[in-house]
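Single-structure report; data block below.
Keep in mind the model is a prediction, meaning the values are calculated, not measured. Computed from heavy atoms alone, side chains included, the values below leave out hydrogens, waters and symmetry copies. First the proteins, then the strands, lettered A, B, ... as listed; each starts at 1.
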Protein chains: 2
Amino acid sequence: MTVLRIGVSSGAPLKTRRSAASAAVSLVTPTPADPSGEPAWLNTILKGDCVAALEKLPAKSVDLVFADPPYNLQLGGDLHRPDQSKVDACDDHWDQFESFEAYDAFTRAWLMAVKRVLKKDGSIWVIGSYHNIFRVGAILQDLGFWILNDIVWLKSNPMPNFRGKRFTNAHETMIWATPSREAKYTFNYEALKTFNDDLQMRSDWQLPLCTGSERLKDASGQKVHPTQKPESLLYRVLTASSKPGDIVLDPFFGTGTTGAVAKRLGRNYVGVEREEAYIEAARKRIDAIEAGSGASLDMQKGKRAEPRIPFGSLLEAGLLAPGTELTCPKGKHLAVVRADGSLVSGDHSGSIHKVGALVQGAEACNGWTFWHINDNGARNPVDELRKLLRSRLAE
Amino acid sequence: MTVLRIGVSSGAPLKTRRSAASAAVSLVTPTPADPSGEPAWLNTILKGDCVAALEKLPAKSVDLVFADPPYNLQLGGDLHRPDQSKVDACDDHWDQFESFEAYDAFTRAWLMAVKRVLKKDGSIWVIGSYHNIFRVGAILQDLGFWILNDIVWLKSNPMPNFRGKRFTNAHETMIWATPSREAKYTFNYEALKTFNDDLQMRSDWQLPLCTGSERLKDASGQKVHPTQKPESLLYRVLTASSKPGDIVLDPFFGTGTTGAVAKRLGRNYVGVEREEAYIEAARKRIDAIEAGSGASLDMQKGKRAEPRIPFGSLLEAGLLAPGTELTCPKGKHLAVVRADGSLVSGDHSGSIHKVGALVQGAEACNGWTFWHINDNGARNPVDELRKLLRSRLAE
DNA sequence: GGCATTTGTGAATCCTACT
DNA sequence: CAGTAGGATTCACAAATGC
């Protein structure tokens, strides 16, 4: 590995805690620079503050940017699961900002630095959650970026809401934008359509979290980075909006998911990262990857599961009215539907499955086939309504 | 139908094209006002500009707000499908703004007006697309609103991207927020979980677009409103975050989807709308709906709603005798019940919760489910006794 | 080894009534 | 208003452990 010190930035200090960080920028090359005339920073990690490091790159030199900036989570105290185990929160210093103003200043600064190095026909992706994405999106627009899409990453296995106080936070948002309205950006429409079973790729992507062996762990088994993104996500981003040989910049490189996928896909990368531990992990990770072999260029298919239809949807859709009476197949048991999708039968109330089990004294029950509606004398299971709604949703 | 002119607003003119609109505010009641002391504006549509109209409502008077503001779409000329037919875009004058600054000023103005009339423990939903939602979200935060969730509405049948230049825009985003971090907002967690087949509801909602007979059409078959939302969306919003009898405000009432669902679900509504044609359509629509009432509106309740039973009551009721031995689920920890309802386990003594936590070395513990009684070899949690006592007390 | 069961964990703005 | 104590609260996977 080569480390080139390419100068110390004078810096344009930000009015945030981040600004206190070292402005020194050094260049880390996992593999020796190619003597063929490629720039020295290609396929390297710049160590240092994002804005200062980007000053070392020429203007209009990168084709694509993927940025996973700090989210500015504003967490209260500790959070425990119902089994009393403590949630390993992302409380790292780099995610702390004093105010929205400080976060905005930080965001404006790195986006301006990125805009300088982005080619005029390049594009940028930024990922975030509701804590920060609205500020990022507004500042992107203020800086003249042109939003092409917002993409929602639907997590198939998100962390639940343990206290039952909100909806499960089951997605993150990515903004895809060009530096100007006129940009002739790369979008591999046909490839994506083919990938998606000949249907246009939609703005909602179902992908699992980064877990298991993909998740980088240190010697003690702890995760190296609190927010490592899954390679499948980057795979789809790079496949959609870059070409082989393109240069992909990640200004918050972390443990190098962007670099890893770029290398696999035959793209060049350049990363910026401040924390030595992350750089070290990223370097090892990327070195172990074989660059752009043909077979690996196949995209991982995100399984598009058949939509699950909750019982309550029948009421929302107007297929069932609150107050409707349901019976068991033989008409012995009776229950009434409430507006919230619960059933009431005598003293019992709850979901169609729970009440079905309770009235039978059974452990479990499939409410869809147990509960029936009286249709002009004929008893039909509510499952018939589900089929109807499913066909509507499939249109 | 009653139309009450309740005054002409002096207005606080906005620096947008909207400000040119009439500041006259009149009150439209689909059904005559109730003489029972309800405010005259309840279940009515206020005709006029949003900010001016909201000045007619008392401060802290509504429980929930649902807002579907103009999206500020920046369409660059007509869009044509591959077959050259023209797409019926939303190019109404009310959706046009001269700049982001103008849109921001408009957004700030109506959000401030809404914040004044919202109760301190109320909440607000705003829906938008990537054209405007980032600006709305950032301004919400700037005004001190506290975001609880962002919810993505996944459209099962979105309009495809005809030119193949972007991903199919298949979702819209809703922000759910309270007027302050401290708000004790309504969230019918248990009801939603029951609704969703006993799984907690996530932040991604798959619902079809408003089409078919639900979509309001005029005499010539044209859609009355370009962005009519499906009732199913409002059904879920109101079920999640309001109670029967609550007052729901929609400051961009349009053709009254919010009012229609509010009436169906036994909530009160108040709408604000500028266009007479929309008001007329909304009025007819809501008049034709039967108001929800009665037990079918009751929502599934969780343990939090149950009356609290002190542990000592079990002793008072004779369900438990002093000196009884309790164990943890696996029988490892042992404790003895004292006559005052406290437990003793080794050196530890105190409430069932405190001792449960101490013997486990945990921060907290629910003693009701932790401590078990030996019933002829079977271990049953003391919570079973609480249930028994509760059912006795309910008789 | 094979299968069943238990344990661990993920970008989280996560309580409330009473004294 | 602050402090204290009661006691409510989780889903999908994958890895680890047990039989």
Side-chain angles (χ1 to χ4, degrees), chain A residues 68-92 94-97 100 127-133 153 155-173 206 208-215 217 221-223 225-230 252 254 305, chain B residues 141 145-150 176-178 181-182 184-185 187 189-190 193 196-203 301-312 330 341 350-357 362-371 382-383 386:
Chain A
D68 184 10
Y71 286 10
N72 189 27
L73 299 181
Q74 296 159 49
L75 305 178
D78 288 344
L79 179 65
H80 293 86
R81 298 185 179 81
D83 65 4
Q84 303 299 337
S85 65
K86 184 165 170 266
V87 173
D88 186 15
C90 177
D91 52 3
D92 301 70
W94 50 256
D95 199 51
Q96 311 289 321
F97 291 82
F100 284 132
I127 186 168
S129 67
Y130 67 83
H131 310 84
N132 71 321
I133 199 66
W153 167 29
K155 303 176 183 181
S156 52
N157 49 348
M159 189 161 72
N161 185 287
F162 296 117
R163 305 301 292 265
K165 301 308 292 181
R166 303 181 179 194
F167 297 95
T168 305
N169 197 359
H171 73 277
E172 291 186 31
T173 302
Q206 296 179 21
L209 296 174
C210 178
T211 58
S213 58
E214 188 189 330
R215 189 80 193 225
K217 308 267 173 58
Q222 298 297 302
K223 58 191 178 193
H225 195 283
T227 70
Q228 186 182 338
K229 295 293 175 288
F252 305 96
Chain B
Q141 291 178 315
F145 285 93
W146 188 248
I147 299 180
L148 298 170
N149 278 115
D150 60 332
W176 181 37
T178 52
R181 187 171 186 169
E182 294 75 33
K184 302 206 186 313
Y185 54 93
F187 180 53
Y189 173 76
E190 201 68 33
K193 189 172 171 178
N196 195 36
D197 297 344
D198 297 325
L199 288 177
Q200 51 173 225
M201 189 77 83
R202 299 171 33 124
S203 58
K301 289 184 171 58
K303 276 189 177 180
R304 284 187 176 108
E306 301 274 346
R308 202 173 74 81
I309 307 257
F311 181 67
K330 291 182 178 167
S351 72
I352 54 171
H353 315 295
K354 188 178 165 192
V355 176
E363 294 223 347
C365 167
N366 183 342
W368 289 107
T369 51
F370 180 75
W371 293 111
V382 289
D383 201 31
R386 180 169 64 162

Any-strand Watson-Crick or G-U partner of D/dA15, both distances under 3.5 Å: C/dT6

Partner nucleotide of C/dA11 by Watson-Crick or wobble geometry (both distances under 3.5 Å): none

Would you list the protein and nucleotides 16-19 of chain D atom pairs, both N or O, that sit under 3.5 Å from each other?
none

Contact under 4.0 Å: B/K184 side-chain N or O vs C/dA17 OP1/OP2: no

Below 4.0 Å: OP1/OP2 of D/dT10 and any side-chain N or O of B/K193: yes

Phosphate contact (D/dG6 OP1 or OP2) by B/H353 side-chain N/O below 4.0 Å: no

Sugar-phosphate only, base, or nothing, as touched by A/S213 at under 4.0 Å among non-hydrogen atoms: sugar-phosphate

Pairing partner (Watson-Crick or G-U wobble, both distances under 3.5 angstrom) of D/dT10: none

Assigned glycosidic conformation for C/dT13 [threshold 90° from 0]: syn

Sugar-phosphate, base or nothing in reach of A/T168, heavy atoms under 4.0 Å: nothing

Below 4.0 Å: OP1/OP2 of D/dG6 and any side-chain N or O of B/R386: no

B/Y189 vs B/G367, nearer the 5' end of DNA chain D by closest nucleotide: B/G367

Per-nucleotide protein contact string for nucleotides 5-13 of chain C (B base, S sugar-phosphate only, - none; heavy atom under 4.0 Å): --S-BBBBB

Touch class at under 4.0 angstrom, heavy-atom based, for A/I127 against every strand present: nothing

Sugar-phosphate, base or nothing in reach of B/E306, heavy atoms under 4.0 Å: nothing

